[in-house]
Amino acid sequence: MSETTTNPITAIFEEAGNQAIFMGRFLKSIFRLDFEWEEFIRQCYMIGYKSFPLVAITGFVVGFVITLQSEPTMKEFGAESFIPSMVAISIIREICPVVIALICSGKIASGIGAELGSMQVTEQIDAMDVSGANPMQFLVVTRILACIIMVPLLTIMADAIGLVGGFGGINLSQDVSATLFFNKAFQALKFGDLLPAVIKTIFFGFAIGFIGCYKGYNSNRGTESVGIAANSAVVSASLWIIVIDAIAAQITIALGY
Amino acid sequence: MEETNNIPQIENNSGGTTEENVIVIKHLKKTFGTKEVLSDINMVLRKGENLVILGKSGTGKSVTIKCMVGLIQQDSGELKVFDQDINAMPEKEVKELRKRIGFLFQSSALYDSMTVRENLEFPLKRILAIKDKSELDEKVAEILKSVSLPDTADKMPSELSGGMRKRIGLARTLIVKPEIMLYDEPTTGLDPITSKEISELILTVQKDYGISSVIITHDIACARITANRVLVMSEGKFIAEGTIEEIENSADPMIKSFFK
């Protein structure tokens, strides 16, 4: 990372190689006895609890807007009664996982990239290294694992809040009881709708944590590097989310879900 | 006093590792891209001494001490710490060796998301594996008293002045009782009074803990207070060695320029 490569093709391979090495160091650091539980719980709090308000608002608005947007078309086809089912399936299978992951990449990946980038600039990571502690274990493993656990949880909560948003949206123009709306929504859902969606959010969480840590940990010395690390973390994590979603869709279809 | 373009005394001392030499460096070279930062470094650090490396910014001083702890790997040459080649050791053994070396960074490198207490407990929990709360509290109170900052335990690093951050950085390093201390520009960015206090603290550390130290600086006042021996660095190599008085009285125009 210290030497810049001018050839873009070489730079892509160099970046891929550096990410593979970083992945190897991460995997090696996971399987150690001295797991940093205290820092892991702190990161779960920072990543999960602190992101909840943003995720909750996003989930509500997604459900609300989908309902409002789809209602005229559904009415045209005389299929208004399918609105709860359509909203539930679209939110849980696709929209909330991807939208929440993108929101999280903006908030969490950039936060991790900036934090670790700043620690690199101020020599805090070097200080951990020379003190005999393991910065990969303390900084990287805890953050990536916290993302792997908290992003799916945030998505499930956003799914639930999104359904509430849908219920609110439909009641702007109609009088639908909560029992009817949620009965219709849950009747349409199968376990096969929820499982692939949750599994892909685990990979989204990994991408967000891994890219955030990689960009921050390997940032150059200099204050502008902090901004670059945060920015490139968001861009790369968002791209990874789109790619993972495309792959997950193919796998889901192939498996018949 | 003799000043030379080579360093015969260092060459003689680096012939072999003795019990008195805790760090031995021979013909160390390091290049970044096309820039040769270290061209031929030869030096020893003797047990219990304060060795000051004087030099202008960008001459390779920080790279030299970062090589000593394996943060930067040299391209060629030999570097032995406690008679062990740090670059030929497996990672686990490097971690063990680093527990015997303290490093005070130019920026103090306090963990800014933690309080002073948590900063000090960090190496205690991980290096000395101390888990007992009362023992941790006792060691934190003791080290804070020794750096004259007994009431700062619950402050965040952002609430401390530059001098206080240096002291806490030093305390965090000393709390695990290292055998070697490496100081990277310990007085940079501090006012003259605080610089003097930090320099005197370095001297106290040497006397009280019996630590061997390498102090990298371009602060002559700091060198005057702390140095037992001085090496002058220019363009990636040492150009003179002696006591601070010998260096100060040098006729070499480059060395004289430090003292103007």
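Keep in mind that this is a model prediction, so the values were computed, not measured. Reckoned from all heavy atoms, side chains included, excluding hydrogens, waters and symmetry mates. Chain letters run A, B, ... following the sequence lines, proteins first and then strands; every chain starts at 1.
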A.B. asks: Over all heavy atoms of both residues, which pair between B/R172 and A/A127 is shortest? Give the atoms and the distance, please.
C.D. replies: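 Heavy atoms of B/R172 and A/A127 come nearest at NH2-CB, 3.6 Å.
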A.B. asks: From A/N134 CG over to B/E91 CD, what is the distance, rounded to the nearest 0.5 angstrom?
C.D. replies: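 With rounding to 0.5 Å, CG (A/N134) is 7.0 Å from CD (B/E91).
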A.B. asks: Answer yes or no: is there a side-chain heavy-atom contact under 4.5 Å between A/E36 and B/K125?
C.D. replies: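 When only atoms from C-beta onward are counted, B/K125 and A/E36 do not touch, as no gap falls below 4.5 Å.
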A.B. asks: Distance from B/K99 atom NZ to A/S131 atom OG, nearest 0.5 Å?
C.D. replies: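 Those atoms lie 9.5 Å apart.
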A.B. asks: Which bit of B/R100 comes within less than 4.5 Å of chain A, counting heavy atoms only: side chain, backbone, both or neither?
C.D. replies: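 Interface part for B/R100: neither.
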A.B. asks: Surrounding NZ of B/K29 (heavy atoms of other residues, nucleotides or ligands, distance under 6.0 Å), is the total greater than 12?
C.D. replies: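 No, not enclosed.
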A.B. asks: Tell me, side chain or backbone of B/R126 under 4.5 Å from chain A's heavy atoms, or both, or neither?
C.D. replies: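 For B/R126, the side chain is the part near chain A, not the backbone.
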A.B. asks: Any salt bridge linking B/K66 with A/E123? Criterion: basic side-chain nitrogen under 4.0 Å from a carboxylate oxygen.
C.D. replies: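 Here B/K66 pairs with A/E123 in a salt bridge, since their nearest N and O are under 4.0 Å apart.
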A.B. asks: Taking atom CG of A/L27 as the centre, does the number of heavy atoms from other residues, nucleotides or ligands within less than 6.0 Å exceed 12?
C.D. replies: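 Correct, the count exceeds 12.
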A.B. asks: Counting a contact as any heavy-atom pair under 4.5 Å apart, which residues of residues 105-115 of chain B contact chain A?
C.D. replies: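 Interface residues of residues 105-115 of chain B: B/F105, B/Q106, B/S107, B/A109, B/L110, B/Y111, B/D112, B/S113, B/M114.
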A.B. asks: CZ of A/F26: more than 12 outside heavy atoms within 6.0 angstrom?
C.D. replies: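 Yes, the 6.0 Å shell around CZ holds more than 12 heavy atoms from other groups.
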A.B. asks: Under 4.5 Å from any heavy atom of chain A, what part of B/E96 do you find: side chain, backbone, both or neither?
C.D. replies: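 When you check distances to chain A, no heavy atom of B/E96 falls under 4.5 Å.
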A.B. asks: Does any heavy atom of chain B fall under 4.5 Å from the side chain of A/E39, the backbone, both, or neither of them?
C.D. replies: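 Looking at A/E39, nothing touches chain B.
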A.B. asks: How far does CG of A/D126 sit from CD1 of B/I72, to the nearest 0.5 angstrom?
C.D. replies: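 CD1 of B/I72 is found 8.0 Å from CG of A/D126.
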A.B. asks: Please name all residues satisfying salt bridge (charged side-chain N to carboxylate O under 4.0 Å, His left out) with B/D132, sequence neighbours left out, ordered by chain then number.
C.D. replies: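 Partners of B/D132 under the salt bridge (charged side-chain N to carboxylate O under 4.0 Å, His left out) test: none.
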A.B. asks: Give a yes or no on this: more than 12 heavy atoms of other residues, nucleotides or ligands lie within 6.0 Å of atom NZ of B/K155.
C.D. replies: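 Atom NZ in B/K155 is not crowded, with 12 or fewer foreign heavy atoms closer than 6.0 Å.
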A.B. asks: How about CD on B/E159, more than 12 heavy atoms from neighbouring residues, nucleotides or ligands closer than 6.0 Å, or not?
C.D. replies: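 Enclosed.
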A.B. asks: State whether the number of non-hydrogen atoms from other residues, nucleotides or ligands found under 6.0 Å of B/E36 atom CD is greater than 12.
C.D. replies: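 Result for CD/B/E36: enclosed.
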A.B. asks: What part of B/I101 is in contact with chain A, defined as an atom under 4.5 angstrom from a non-hydrogen atom: side chain, backbone, both or neither?
C.D. replies: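 Contact with chain A involves the backbone of B/I101 alone.
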